[in-house]
Student: 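If you scroll down you'll find the structure; I have some questions about it.
As the structure lists them, so they are numbered: ligands from 1, and atoms in each ligand from 1.
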Amino acid sequence: MISKKLLKALSDQLNAEFYSSYLYLAMSASIDNEGFKGFANWLYVQAQEERTHATHMYEYIVDRGAVPEFKAIEGVKGDFSTPLKIFERVLKHEENVTKSLNAIASLALEEKDHATYEFIMWYVNEQVEEEDTADEYLTRLKLSEGNISAIYNLDTILAARTFTDPFGGAAA
Ligand code: OFO
């Protein structure tokens, strides 16, 4: 049985993963209307991926014989009118997500809940790639500032992203 403290931490993380999905969907909608269809596509796919992170966490909690607490998902606020503004926020957001995942990993170790530690380490490791990708696009956008053809070039690259469920399920 999972401890109350860990259940709370995992429930909060479940909520945070849904918030991530919500955030990326909001960014996608805004930037789509600014004419950057490739960035909109990348963010839409990212929102789908975040949803799988949430449902995978849900499955783990239920498999451990517990029921997650379903709290309200925070509303999304922010200026998502340019790819640069978006990726500044994406990187900051992902860095915060990494911090909360690391805190859960530490708590699981403290409680000697090795199954939860193993489970959460998938997410911790996934963050390395997510932060790296956000950082790479942010750097490229900073370098291309003011150069619209360079930004559209990146938009074309991001248009090619397709959704693959990291846990092998069907499209969400
Ligand atoms: Fe859920 O992977 Fe980043 O936030």
Student: Is there a heavy atom of Glu126 sitting under 4.0 angstrom from any atom of ligand 1?
Tutor: no
Student: Which atom name does Glu17 have for its N/O/S atom nearest to atom 1 (Fe) of ligand 1?
Tutor: OE1
Student: Within the 4.0 Å heavy-atom shell around Ser20, which atoms of ligand 1 are there?
Tutor: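 Counting atoms of ligand 1 from 1, those under 4.0 Å from Ser20 are 4 (O).
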Student: Output the list of atoms in ligand 1 that are nearer than 4.0 Å to some heavy atom of Val97, sorted by atom number.
Tutor: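 With Val97 as reference, the close atoms of ligand 1 come out as 4 (O).
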Student: Polar contacts were defined as any N/O atom of the residue lying under 3.5 Å from an N/O atom of the ligand; does this apply to His53 and ligand 1?
Tutor: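 Such a contact does occur with ligand 1.
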Student: Polar-atom distance check: Glu94 versus ligand 1, any N or O pair below 3.5 Å?
Tutor: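 In this structure, Glu94 places an N or O atom under 3.5 Å from an N or O of ligand 1.
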Student: Heavy-atom contacts with Glu50 under 4.0 Å: which atoms of ligand 1 show up? List them by number with element.
Tutor: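 Matching atoms, with element in brackets: 1 (Fe), 2 (O), 3 (Fe), 4 (O).
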Student: Would you please classify the geometry between the Tyr60 ring and the Phe119 ring as parallel, tilted or perpendicular, with 30° and 60° separating the classes?
Tutor: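 Parallel: the ring planes of Phe119 and Tyr60 meet at under 30°.
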Student: Are the charged groups of Arg64 and Asp113 less than 4.0 angstrom apart, N to O?
Tutor: yes
Student: Using a distance-only test with no angle check, is there a side-chain donor-acceptor pair under 3.5 angstrom linking Ser81 and Glu34?
Tutor: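 Result is no, nothing qualifies.
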Student: Do Lys99 and Glu95 meet the salt-bridge criterion of a basic N to acidic O distance under 4.0 Å?
Tutor: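 Looking at Glu95 and Lys99, the cut-off is not met.
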Student: Does any N or O in the side chain of Ser21 come within less than 3.5 Å of the main-chain N or O of Glu17, such that one atom is a donor and the other an acceptor?
Tutor: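 No, the answer is negative, given that no donor and acceptor are paired below the 3.5 Å cut-off.
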Student: I need the minimum non-hydrogen distance between Pro83 and Leu141, along with the two atoms involved.
Tutor: O-CD1, 3.5 Å
Student: So which atom in Phe39 and which in Ile151 form the shortest heavy-atom distance, rounded to 0.1 Å?
Tutor: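 Taking Phe39 first and Ile151 second, the nearest heavy atoms are CE1-O, 3.8 Å.
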Student: Which ligand 1 atoms, with their elements, are less than 4.0 angstrom from a heavy-atom of Gln127?
Tutor: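 Taking each heavy atom of Gln127 in turn, ligand 1 has 2 (O), 3 (Fe), 4 (O) under 4.0 Å.
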Student: Show which atoms of ligand 1 fall inside a sub-4.0 Å distance from at least one heavy-atom site of Glu130.
Tutor: 2 (O), 3 (Fe), 4 (O)
